[in-house]
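One structure is given here, and the rest of the page talks about it.
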Amino acid sequence: MSTSRNIDSKSASRVQKQRKQVPTAEELLQGIIRGDKTALARALTLVESTKKQHQKKANYILDNSLNSGKESIRIGITGVPGVGKSTFIETFGKLLTSLGKKVAVLTIDPTSSLSKGSILGDKTRMEELVRDPNAFIRPSPSGTSLGGVARKTRESIFLCEAAGYNCILVETVGVGQSETAVHSMVDFFLLLKLAGAGDELQGIKRGIMEMADGIAINKADGENLKRAKRAQTEFNRALHLFPPKPSGWIPKVLTCSSLENTGIQEIWEMIDSFFTLVREDGFLEKTRQEQNKKWLLNTLEDRLLTDFYENPGIKKELDRLLIEVAENKISPFKAADQLLERYQKKV
Ligand SMILES: Nc1nc2c(ncn2[C@@H]2O[C@H](COP(=O)(O)OP(=O)(O)OP(=O)(O)O)[C@@H](O)[C@H]2O)c(=O)[nH]1
């Protein structure tokens, strides 16, 4: 009898200890403000979670993080698989930290399953950058919808900036719609390309070229060097066919080798001169204002939807109405009206 009581009290104290180890939202918030990477990583896990309790904690941290975002620069990096995105980010990121910047790398990959996510997170990618005290790397949150992943990435950008990261690199692995999502949340959009492969081969649509503020032809080394230089001329010509950018910036095409670390400094200089221009002509401020407005609307939509679907009364009524709609007993529109009425009354 007494032995079992002993075990009980032991396991109770273990549970208590574990509970104590889970930091509160306020503790995480304070950690983020101090620039603590562990607190930031934990907060991002809460942001990525779909559990209501976690979301509540995440919202507390987000709502109380002071972040004007003014000091930071947000760079989107895209390119087809194999173009060398992680090698590029490793080399480029190290250059940025050597210049005294704090770099956060986030990835958007709506197609990533849990297993791929863990491959991205297994630290074999960007091995050196991951060990840099001034860099923070976060693999793509797994998610089924691009919208969900994009929202989480926006919130992650916000928290990374609150933690003092002033260079946010958003990498997108997907080919297609994810580029548009990334483009809408960054200031500068860099497209990585390979020399020699046709556009079709590289899966790059015209629209993506049009979004680019800069194109870097990667793997410009060895036998590839000549071809890369030729491609640079071709892409430069192609870029001139697009209408001018509202920022006044003229997109540039450069070549680089992420492996040999050549041309990387020039890419930074190009990006730096972009930021000098858009800071001076007020375009960056306008972009941020627009981004903030958009983020407010998106967050509202998202929180409203969650609140609606998680309302227990609505859940029951929705289940019933779904059957009635299927049996043609009520029109979908009338059913929607009924649900909204019920939601407004909060019954
Ligand atoms: N020669 C050469 N090879 C490179 C260069 N950059 C990357 N590579 C090689 O290209 C391959 C793909 O590089 P990654 O950095 O993994 O490419 P990625 O675009 O991130 O690929 P995914 O992870 O599939 O999206 C690796 O074998 C790299 O070593 C470069 O500048 N020159």
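Counting starts at 1 for both ligands and their atoms, in listed order. Remember, predicted model here, so these are calculated numbers, not experimental data. The first residue in the sequence is number 1, and the count goes up from there.
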* Can an N or O of G84 be found at a distance shorter than 3.5 Å from an N or O of ligand 1? -> yes
* N/O separation below 3.5 Å, V83 to ligand 1 -> yes
* Asked: Any N/O of E171 closer than 3.5 Å to an N/O of ligand 1?
  -> no
* If you count the atoms of ligand 1 from 1 in the order shown, which ones are under 4.0 Å from a heavy atom of N218? -> 5 (C), 6 (N), 31 (O)
* Check whether any N or O atom of L259, backbone or side chain, sits under 3.5 Å from an N or O atom of ligand 1, and answer yes or no. => yes
* Asked: Any idea which atoms of ligand 1 are less than 4.0 Å away from a heavy-atom of D221?
  -> 1 (N), 2 (C), 30 (C), 31 (O), 32 (N)
* Would you tell me which option among S257, S86, G82 has the nearest heavy-atom contact to atom 20 (O) of ligand 1? => S86
* Step by step, would you call L305 with D302 a side chain to side chain contact (heavy atoms under 4.5 Å, CB included)? -> CA-CA 5 Å; L305 279 179; D302 196 73; 5.8 Å; no
* **Which segment of N224 sits under 4.0 Å of ligand 1 when only heavy atoms are counted** => neither
* To do: Output yes when the distance from some N or O of ligand 1 to some N or O of C256 is under 3.5 Å, and no in every other case.
  => no
* Relative to the heavy atoms of P81, which atoms of ligand 1 are at a distance of less than 4.0 Å? -> 24 (O), 25 (O)
* Looking only at heavy atoms of G79, does any of them come nearer than 4.0 Å to an atom of ligand 1? -> no
* Taking only heavy atoms of K85 into account, list the atoms of ligand 1 that are under 4.0 Å away from them. => 15 (O), 17 (O), 18 (P), 19 (O), 20 (O), 25 (O)
* Any donor and acceptor pair, going by atom type alone, linking the side chain of N166 with main-chain N or O of K101 inside 3.5 Å? -> no
* Asked: Shortest non-hydrogen contact from L159 to A43?
  -> CD1-CB, 4.0 Å
* Is there a donor-acceptor contact under 3.5 Å from the side chain of K245 to the main chain of E210? -> yes
* Structure fact -> ring pair (Phe, Tyr, Trp, His ring centres under 6.0 Å) filter on Y309, not counting sequence neighbours, yields none
* When only distance counts, is K219 in polar contact with ligand 1, meaning an N/O pair under 3.5 Å? -> yes
* To do: Give a yes or no answer on whether the side chain of E90 reaches the backbone of L129 with a donor-acceptor pair at less than 3.5 Å.
  => yes
* For the pair E285 (side chain) and R279 (backbone), establish whether a donor and an acceptor sit closer than 3.5 Å, ignoring hydrogens and angles. => no
* To do: Supply the atom-to-atom distance K52 NZ to T306 OG1, rounded to the nearest 0.5 angstrom.
  => 9.0 Å
* Checking K102 against Y165: charged group under 6.0 Å from the ring centre and within 45 degrees of the axis? -> yes
